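Scroll down for the structure; my scribbles are underneath it.
Source: prediction; values computed, not measured.
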Amino acid sequence: MKGRYDYKNVEPKWQQSWEDTQLYKSEVINAPKYYVLEMFPYPSGNLHMGHVRNYSLGDVFARYKRMEGYNVLHPMGWDSFGLPAENAAIKHGIHPNSWTWDNIANMRKQFKMLGLSYDWDREVATCHPDYYKWTQWLFLELYKKGLAYKQKANVNWCPSCQTVLANEQVVNGECERCDSEVIDKDLEQWFFKITDYAEELLNDHKLLKNWPDRVKTMQNNWIGRSEGAQIKFKIKDSDEQIEVFTTRPDTIFGATYMVLAPEHPLVKKLVVGTDKEEEVMSFIAKMKEQDEEERTGSDAEKLGVDTGIKAINPLTDEEIPVMIANYVLMGYGTGAIMAVPAHDQRDFEFAKKYDLEIKVVVQGEKELKGADLTEAYTEKGKVVNSDFLNGLSFKEAFTKIVAHLEAEGIGKKEVNYRLRDWLISRQRYWGTPIPMIYCDDCGVVPVPEKDLPVELPTNVKFTGQGQSPLANVEEFVNTTCPKCGKAAKREVDTMDTFVDSSWYYMRYTCPELADKIVDKDRANYWMNVDQYIGGIEHAILHLLYARFFMKFMSDQGLVDYKEPFDNLLTQGMVLLDGAKMSKSKGNIVDPMEILENHGADVARLFILFAAPPERDLDWSDEGVEGAERFLNRVWRLVSEHINDLKVATGDYSLNNKLEKELHRQLHVAIRSVTVDVAERQQFNTAISSIMELVNAAYKYLNEIDSEEVNYSLYREVVETVILLLAPFAPHMTEELWSELGYQESVHLQSWPEYDEEATKKDEITIVVQVNGKVRDKVEVAADIDPEELKRIVKEQDKVQEYLEGKTIIKEIVVPKRLVNIVVK
RNA sequence: GCCGAGGUGGCGGAAUAGGCAGACGCACCGGACUUAAAAUCCGGUGGGAUUUAACUCCCGUGUCGGUUCGAGUCCGACCCUCGGUACCA
């Protein structure tokens with residue numbers, strides 16, 4: 001046996017063996033299942049360290065659960081539609097199809113080099129027609145239910161990606177992918193009605209007990225539920241009405257003006273032809289020039305203009321001015337507000353600036369006067385100056401005014417959400433075609449299910465300009481109407497790739513199925529995903545969309561569950577010198593280089609040991625060497641004693657203190673590692689516990705007479721180290737296991753069990769404190785009587801010193817830990 | 001501003017129910033092995049005071065205060081860092 005772990009030969013050998021014996025193949029059997037899933041990657045062509053971390057974490061769960069006796073599903077696939085493929089085509093003239101499949105082949109090879117325990121028979125790729133056929137099928141199901149619809153809307157357009165984006169993909173007014181500034185466009189686009197599920201998406205967070213709170217909070221904020229009322233205001237000398245949403249209908253008597261967003265459709269209707277037309281239109285033009293930051297930044301200046309139009313406050317019957325202002329956004333609520341400057345800070349600032357009436361209708365502790373206010377009083381106090389609401393609390397006033405509005409037919413209670421419908425059209429080629437046809441006679445007609453998939457044509461020119469490249473492919477565009485058979489045209493936009501990844505976890509349960517998206521029995525057996533692992537950057541995007549799809553699929557009867565991911569682990573980033581690794585900055589550590597120089601087990605062990613999973617991890621070459629040193633230390637535990645180990649298979653007794661202590665540490669280690677992996681998901685401390693056991697083994701070998709080594713005990717320790725380490729360093733442990741003479745894979749063995757009794761010490765150290773300060777320590781029997789312990793403690797010389805001349809007030813005994821004597 | 005997470009040695013990090021702060025690893029220092037080096041093994045390593053040394057003592061988990069026999073852990077106020085979000089009516 002070699003003196004060092006020879007990863008270059010050992011790792012490929014076992015990777016081949018695992019593949020040959022189909023070790024990680026999973027099937028539905030009559031046994032408890034465990035579905036572990038990591039977010040599948042975009043096939044950029046090469047692994048990066050974030051991948052290594054993500055997939056190493058998942059592999060530990062998969063291997064551990066398998067050893068625990070679960071029937072484990074651990075699949076892998078490719079989120080393989082997307083812009084980079086198309087950009088490569090534009091730049092290098094390589095077809096996205098071949099570019100993507102080449103990348104997949106290369107990355108699959110790299111994944112295998114990491115020794116990850118995937119059932120590769122279940123591999124899916126979202127760009128494969130066998131997969132996107134079902135993405136299209138889901139689109140049609142959504143369409144049938146009215147949850148997919150086409151509408152002209154003011155949408156986000158990324159000039160660099162040359163496509164529209166969903167709200168979730170716009171960050172601070174910039175494209176989430178390329179950081180270009182996003183501009184507004186009025187376009188007719190396809191939407192998914194995720195807002196229908198807003199309430200459920202919010203409520204079902206309570207089912208997700210093991211999701212990080214911050215992810216749930218981010219989703220809560222994104223969905224942005226608020227309770228209030230919708231109220232209609234009449235306009236003087238017009239049949240039109242202004243509809244507003246407010247969370248403070250209790251303050252309606254204080255509504256002294258109204259504001260429309262510059263984009264509000266009523267603006268043109270009302271203003272055109274009046275003497276204010278020019279002034280208003282030039283103001284609106286100016287507002288449109290403001291970029292996102294200027295308009296919506298926290299300290300953006302409030303700008304407005306009077307339309308000259310008057311609305312009627314339905315409660316006071318007073319005429320109030322209708323303003324247009326930049327601080328009211330078309331994208332939230334109705335795009336119009338009733339302004340209550342005394343009780344809303346924004347309205348207050350605006351009213352001060354444009355000299356509008358401020359009328360107090362909520363009383364605070366001190367009497368408030370409109371003229372004296374320096375800021376709005378936004379508390380929910382007692383209502384005043386409000387006729388029949390006077391004297392009521394917020395809650396009472398809310399109920400009463402809403403009842404009044406409903407009775408009058410001018411308003412109602414309403415729940416408003418910040419969440420918008422999901423815009424899924426993309427003016428790009430490399431995505432799932434939207435299966436819709438436009439017929440002059442029949443209108444919008446869905447592609448019949450039997451005609452799916454609508455395949456992407458391959459003979460496409462990439463210009464990167466303006467509209468979907470599919471628009472220029474005549475054979476694709478021109479088709480016949482499924483209804484009337486006349487010439488018709490296909491939809492040329494493709495779907496947002498987040499649609500593809502919203503349901504892939506379901507397809508893994510039946511990846512080969514040709515006539516159905518999933519088989520319900522199989523889906524019900526494997527779902528939900530028990531453990532999902534991925535980056536926090538998907539807290540809103542992917543994780544919200546996937547939850548939406550799961551709920552829809554559940555409502556369609558495809559599966560009996562409502563949430564896709566029971567447990568979520570969001571792993572931290574891999575940093576180099578405190579900064580995110582990035583190609584453009586050139587601060588990259590290439591996983592392939594680490595595999596070449598240290599092997600997969602070292603890479604995995606380092607990355608799992610260096611930090612707890614959720615936290616960011618700073619790359620350290622010294623740390624990698626430390627991991628390598630440790631693995632070789634384990635290796636030598638076997639290699640240096642291989643002959644004795646091979647014959648030492650019998651029972652043993654514990655002959656002396658050293659052996660008792662080693663045996664105790666063995667069981668302590670099993671307990672710690674089990675708890676850390678299974679309950680706490682703290683792999684760094686799990687590994688440190690294995691290190692402690694290895695150190696204990698060395699200590700034993702060092703301290704015992706070399707003739708007297710108890711090899712049967714020692715063998716059990718070594719075997720346990722191997723088993724505990726197997727999920728972390730699968731190749732080396734497999735090799736060592738076979739060196740010990742076993743034929744069957746270490747990854748098919750049972751997880752070691754510990755004996756609680758064996759973890760206990762006969763003699764324990766008790767800390768002795770006087771007035772809370774440690775003054776001495778005593779060795780006593782573990783089961784000592786507390787009174788006896790107190791007596792022994794007080795006999796100690798050092799303790800006596802501190803007790804001399806003092807009176808004992810109190811004696812505290814914490815069993816197995818300490819004694820504290822309080823004196824005065 | 002609001003919401004969330006966090007602040008512990010030279011560094012990454014541990015302390016699971018309020019009970020020895022600093023597990024494990026890195027780095028560093030010393031020793032063994034070696035002609036030598038590498039590798040490996042053994043030992044030391046929070047700061048300070050005193051001491052030849054041992055012993056011993058004091059301080060120490062962002063700051064200040066509180067609860068408690070006892071606080072990294074609980075409570076209150078504050079400071080800082082990171083993440084999310086931001087005219088959301």
Side-chain angles (χ1 to χ4, degrees), chain A residues 3-4 171-172 212-222 224-226 228 244-248 251 259 261 295-302 325-329 331-340 343-347 349-350 416-418 536-537 539-540 572 605-606 609-612 614-627 629-630 632-633 636 640 672 675-676 679-680 682 684-692 694-695 698-699 701-702 765-774 776-777 798 809-823:
Chain A
R4 282 183 73 84
V171 180
N172 292 329
D213 284 339
R214 81 171 161 143
V215 174
K216 287 191 270 189
T217 305
M218 282 163 77
Q219 292 197 349
N220 279 344
N221 292 342
W222 186 261
R225 182 184 198 275
S226 49
V244 302
F245 172 76
T246 177
T247 54
R248 295 295 302 272
T251 63
V259 185
R295 166 92 185 260
T296 62
S298 55
D299 42 29
E301 197 191 353
K302 287 177 181 50
N326 61 346
Y327 78 95
V328 172
L329 308 172
Y332 184 80
T334 59
I337 62 161
M338 64 175 211
V340 186
H343 306 293
D344 180 287
Q345 186 58 26
R346 295 152 302 174
D347 296 342
E349 286 167 28
F350 189 79
N416 191 56
Y417 299 93
R418 206 186 82 114
I536 187 76
E537 67 274 17
I540 295 172
L605 194 80
F606 163 72
F609 178 63
E614 304 237 348
R615 237 189 274 185
D616 286 351
L617 175 161
D618 214 341
W619 186 264
S620 153
D621 290 332
E622 290 82 9
V624 174
E625 283 163 29
R629 205 170 297 147
F630 169 67
N632 274 307
R633 220 165 128 77
R636 283 192 306 272
E640 288 176 1
S672 311
V675 169
D676 283 349
E679 291 166 30
R680 306 202 321 142
Q682 296 284 298
N684 56 329
T685 50
I687 293 167
S688 77
S689 295
I690 304 173
M691 287 172 169
E692 284 180 274
V694 169
N695 291 346
Y698 271 95
K699 192 175 163 82
L701 290 173
N702 251 308
T765 308
I766 299 287
V767 172
V768 183
Q769 295 182 339
V770 179
N771 285 347
K773 296 205 169 179
V774 181
D776 201 3
K777 286 167 192 181
K798 277 190 210 157
I809 296 170
K810 209 172 182 182
E811 290 165 283
I812 293 138
V813 178
V814 181
K816 306 200 172 186
R817 289 194 191 269
L818 63 70
V819 176
N820 187 12
I821 302 172
V822 186
V823 297

Which atom of [X] lies closest to which atom of [Y], heavy atoms considered:
X	Y	answer
A:N771	A:N820	N-OD1, 3.5 Å
A:L617	A:A611	CB-CB, 4.2 Å
A:M218	A:A539	CE-CB, 3.6 Å
A:R680	A:D676	NE-OD1, 3.2 Å
A:S226	A:T247	CB-CG2, 4.0 Å
A:D618	A:F606	O-CZ, 4.2 Å

d([atom1], [X]; [atom2], [N]) in whole Å:
X	N	atom1	atom2	answer
A:N771	B:G70	CG	P	8 Å
A:E349	B:A89	CD	P	16 Å
A:I766	B:G70	CD1	C1'	16 Å
A:K216	B:G4	NZ	P	14 Å
A:Q769	B:C20	CD	C1'	8 Å
A:E625	B:A38	CD	P	14 Å
A:L818	B:G18	CG	C1'	11 Å
A:K699	B:G43	NZ	C1'	11 Å

Mind checking the [atom1] distance from [N] to [M]? Whole angstroms is fine.
N	M	atom1	answer
B:C78	B:A86	P	26 Å
B:G66	B:U73	P	14 Å
B:U68	B:C87	C1'	48 Å
B:G22	B:G7	C1'	16 Å
B:C2	B:G19	P	34 Å
B:G10	B:A23	P	14 Å
B:G9	B:G44	C1'	15 Å
B:C28	B:A15	C1'	25 Å

Torsion-based syn/anti label for B:A17, 90° from 0 as limit: syn

Anti/syn call for B:G60, syn if |chi| within 90°: anti

Can you tell me if [X] touches the phosphate of [N], counting only side-chain N or O atoms and a distance under 4.0 Å to OP1 or OP2?
X	N	answer
A:N221	B:C88	no
A:R636	B:C41	yes
A:K302	B:C87	no
A:R225	B:C88	no
A:K773	B:G60	no
A:K798	B:U56	yes
A:R346	B:G1	no

Each stem that RNA chain B is part of, given as range with range (3 or more consecutive Watson-Crick or G-U pairs, under 3.5 Å): B:1-7 with B:79-85, B:10-12 with B:24-26, B:28-32 with B:40-44, B:46-49 with B:56-59, B:62-66 with B:74-78

side-chain contact (heavy atoms from CB on, under 4.5 Å) between A:Q769 and A:I812, intermediate numbers included: CA-CA 9 Å; A:Q769 295 182 339; A:I812 293 138; over 6 Å; no

Sugar-phosphate, base or nothing in reach of [X], heavy atoms under 4.0 Å:
X	answer
A:G626	sugar-phosphate
A:N695	sugar-phosphate
A:S620	nothing
A:R214	sugar-phosphate
A:F630	nothing

Non-hydrogen side-chain atoms of A:F609 and A:I690 separated by less than 4.5 Å: no

Donor + acceptor pair across side chains of A:R633, A:N695 (<3.5 Å): yes

If you check every side-chain atom of [X], which of [options] has the closest atom?
X	options	answer
A:R629	B:C69, B:C88, B:A27	B:A27
A:V822	B:G84, B:C69, B:C42	B:C69
A:R817	B:G19, B:A89, B:C20	B:G19
A:E622	B:A39, B:C41, B:A27	B:A27
A:N702	B:C42, B:G4, B:A27	B:C42
A:R4	B:A39, B:C20, B:A89	B:A39

A:F350 vs A:D344, side-chain contact (heavy atoms from CB on, under 4.5 Å): CA-CA, chis, key distance, verdict: CA-CA 10 Å; A:F350 189 79; A:D344 180 287; over 6 Å; no

First of A:I687 and A:N820 reached from the 5' end of RNA chain B, by closest nucleotide: A:I687

Comparing A:M691 and A:T217 on RNA chain B - which has the more 5′ nearest nucleotide: A:T217

Protein proximity profile, nucleotides 8-15 of chain B - base contact B, sugar-phosphate-only contact S, no contact -, cut-off 4.0 Å on heavy atoms: ----BSSS

Derivation of the side-chain contact (heavy atoms from CB on, under 4.5 Å) call for A:R214 and A:I536: CA-CA 9 Å; A:R214 81 171 161 143; A:I536 187 76; 3.7 Å; yes

Interatomic distance, A:I766 atom CD1 to A:D776 atom CG [nearest 0.5 angstrom]: 12.0 Å

Spacing of A:I337 atom CD1 and A:R248 atom CZ [to the nearest 0.5 Å]: 13.5 Å

